[in-house]
Amino acid sequence: MAEDSTIKAPAPGTFYRRPSPDEDVFVKEGDRVESGQVVGLVEVMKNFLDVTAARDGVLATFLIENEDLVEAGQDVATLTDR
Amino acid sequence: MRRVLIANRSEIAVRVLRACRELDLATVAVYSEADREALHVREADEAVMIGKAKARDSYLNGERIIAAARETGADAIHPGYGFISESAGFAAACEDAGIAFVGPPASAIAAMGDKAAARRLARDSGVPVVPGGEVTAGDEALRVAEEIGFPLLVKAAAGGGGRGIRTVRDTEELPQALAEAAREAEAAFGDASLYVEKLVEGARHVEVQVMGDSEGRVVHLFERECSLQRRRQKLVEEAPSPALTPQTRAAMAAAAVRLAEGVGYTSAGTVEFLVDRDELFYFIEMNTRLQVEHGVTEMVTGVDLVREQLLVAAGQPLEVAQEDVRVDGSAIEFRINAEDPDNEFFPSPGTIEELELPGGPGVRVDTAIYAGYRVVPFYDSLIAKLMVWAPTREQALRRGRRALRELRIEGVKTTTPLHLRLVDDERVRSGDVHTGYLEELLATGEGEGVAA
């Protein structure tokens with residue numbers, strides 16, 4: 001059984017949970033996610049980088065709010081097995 | 001006019017500040033929470049914090065900027081480029097507040113801001129435009145597409161600066177491109193209007209600098225060639241273009257002046273064209289502001305464009321007359337971006353650990369970074385503009401290579417290694433490039449690690 005882990009920001013910038021302001025969030029807390037699935041975006045220098053799950057699991061909790069500022073490698077959400 | 005508020009950040013804020021100083025104008029900087037340590041804040045006579053890091057809350061907040069001008073007694077606002085520089089609403093709000101907007105009248109910004117309307121204006125002024133047309137419904141797009149042929153571009157009418165554009169290769173790709181572009185345009189510009197244009201393949205990007213005053217005089221300052229681009233963002237610009245015959249150069253300049261006169265243009269502006277392999281030119285859009293790459297025009301003409309902008313905003317006539325504008329030598333600008341060219345141009349914000357800037361004959365560096373400065377992730381990746389001038393293009397390229405080698409920036413990745421490769425590239429050296437050339441080079445490049 002894999003350990004609980006986190007999803008990390010790929011770069012510093014502004015974190016978004018939606019692809020654009022009037023669309024739905026990529027994932028909700030409690031949703032099952034697959035390895036490589038996009039769960040958010042980080043805007044850095046006018047680029048939008050995907051925030052992805054590194055393994056299959058359940059996205060338990062977002063640790064930051066939409067539009068919060070993040071540092072590179074900062075934990076964005078927790079990932080559990082179930 | 002006595003005190004100028006500079007509604008921008010980074011190198012362009014410092015550039016404007018320098019012109020103000022040389023005219024004995026007092027300066028007011030504005031800044032976001034993320035820019036407390038920025039050079040433009042340190043250098044200005046006074047500085048006002050206008051909001052949070054996000055541009056929407058600070059550098060795009062026109063009301064707050066005008067309030068800052070009132071608080072500090074600034075009687076003029078220079079918008080730089082980007083941010084609120086092409087907002088007709090902001091220019092009008094300045095006019096209403098009795099503050100001189102250092103740029104064209106709101107009406108000229110509005111006329112050129114709708115790119116589809118600007119195409120019509122150009123056509124009506126006898127300026128050739130890329131075949132295409134406006135689309136209000138999908139079937140209309142298909143009709144225009146069949147008329148002009150594929151490949152084509154779908155563009156946001158409210159767009160500009162290379163944003164909100166989709167390439168379409170055939171009929172099947174059209175519906176999705178229209179839907180995506182409309183959604184993106186709505187989100188980015190609050191306006192989903194689109195138009196389509198034929199994709200002119202193998203074309204060069206050549207733009208004409210114009211400058212007008214309130215007495216109705218418009219002059220041109222010849223052209224810049226900006227064909228070396230990646231994802232429609234310019235990386236290298238030069239003046240003059242290495243590829244125009246004198247006849248084409250004169251025809252393009254005359255077309256640009258005609259267009260500017262037609263909208264009562266004042267201040268600095270740039271009319272952008274595509275030039276195809278047969279040297280036919282087509283209007284793309286007009287940028288109603290100072291351009292990032294204005295410096296190369298300054299180096300070959302000796303005209304200080306920001307000084308002229310400030311004088312015009314103060315109600316004075318242009319200092320420069322058309323017959324005095326000459327191109328002397330060759331100038332090249334290399335955009336130094338905090339991006340990793342060996343890793344798909346991944347953004348590279350961070351602290352500048354060490355900085356050594358090039359110098360010597362014919363070298364100009366416009367920047368706002370310093371050793372110890374932290375390049376923040378919230379804004380553009382442009383951290384310095386390295387410009388060189390020499391009597392000939394060949395010498396300018398050699399001087400560019402020398403200056404690029406002198407430039408040392410530690411702490412963040414930059415585009416410098418790519419520029420060093422470009423100055424030695426045969427096609428770049430011979431001037432035989434088009435707007436797709438850089439991406440082709442990157443796609444085939446050895447050790448570049450660039451997938452696209």
Side-chain angles (χ1 to χ4, degrees), chain A residues 5-29 31 33-56 59 61-79, chain B residues 9-10 32-35 52-60 81-83 161-164 179-190 192 230-233 292 335-340 343-351 374-383 412-415 452:
Chain A
S5 57
T6 56
I7 297 172
K8 296 178 192 307
T14 308
F15 174 73
Y16 296 98
R17 285 189 57 188
R18 303 162 191 277
S20 69
D22 43 5
E23 286 180 78
D24 281 344
V25 293
F26 287 104
V27 292
K28 294 191 292 290
E29 291 182 345
D31 280 358
V33 296
E34 290 173 9
S35 174
Q37 186 176 335
V38 177
V39 304
L41 298 172
V42 169
E43 181 183 6
V44 49
M45 295 178 151
K46 295 182 177 172
N47 287 271
F48 289 88
L49 305 179
D50 292 341
V51 180
T52 55
R55 64 171 180 89
D56 295 355
L59 191 149
T61 316
F62 276 101
L63 301 170
I64 55 171
E65 300 288 322
N66 186 50
E67 294 201 16
D68 271 2
L69 309 182
V70 293
E71 293 294 330
Q74 183 179 332
D75 292 339
V76 164
T78 56
L79 197 59
Chain B
R9 63 182 301 282
S10 190
S32 73
E33 284 179 358
D35 274 342
K52 292 192 181 347
K54 275 189 78 71
R56 188 179 68 204
D57 299 330
S58 47
Y59 299 105
L60 287 172
Y81 54 69
F83 296 125
R163 313 253 175 209
E180 281 176 12
R183 197 164 57 229
E184 194 176 300
E186 175 68 41
F189 313 112
R230 177 179 174 271
R231 297 191 177 169
R232 300 194 173 83
Q233 300 301 308
V292 174
R335 293 197 191 191
I336 310 299
N337 297 336
E339 296 169 354
D340 183 0
N343 183 22
E344 297 186 48
F345 294 80
F346 199 82
S348 181
T351 301
R374 182 171 173 253
V375 179
V376 297
F378 310 110
Y379 313 107
D380 198 271
S381 60
L382 180 71
I383 55 170
V412 301
K413 302 275 190 192
T414 75
T415 44

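Nothing here was measured: the structure is a model prediction, and the numbers come from that model.
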So for atom [atom1], which belongs to [X], do other residues, nucleotides or ligands contribute more than 12 heavy atoms lying within a distance under 6.0 Å?
{"X": "A:D24", "atom1": "CG", "answer": "no"}
{"X": "A:E34", "atom1": "CD", "answer": "no"}
{"X": "B:K413", "atom1": "NZ", "answer": "no"}

Query - Residues A:E67 and B:K52 bridged, charged N to O under 4.0 Å - result: no
Query raised in the report: Do you know the tightest heavy-atom contact between B:P349 and A:P12?
Result: CG-CG, 3.5 Å
Query - Structural part of B:A338 lying under 4.5 Å from a heavy atom of chain A - result: both
Query - A:M45 side chain near B:E339 side chain, heavy-atom distance below 4.5 Å - result: no
Requested in this report: Mind checking the CD-OH spacing from A:E43 to B:Y379? Nearest 0.5 Å is all I need.
Outcome: 10.5 Å
**Report entry** Qualifying residue, where the test is side-chain contact (heavy atoms from CB on, under 4.5 Å) with A:V44 and the options are B:S348, B:S381, B:P347
**Finding:** B:P347
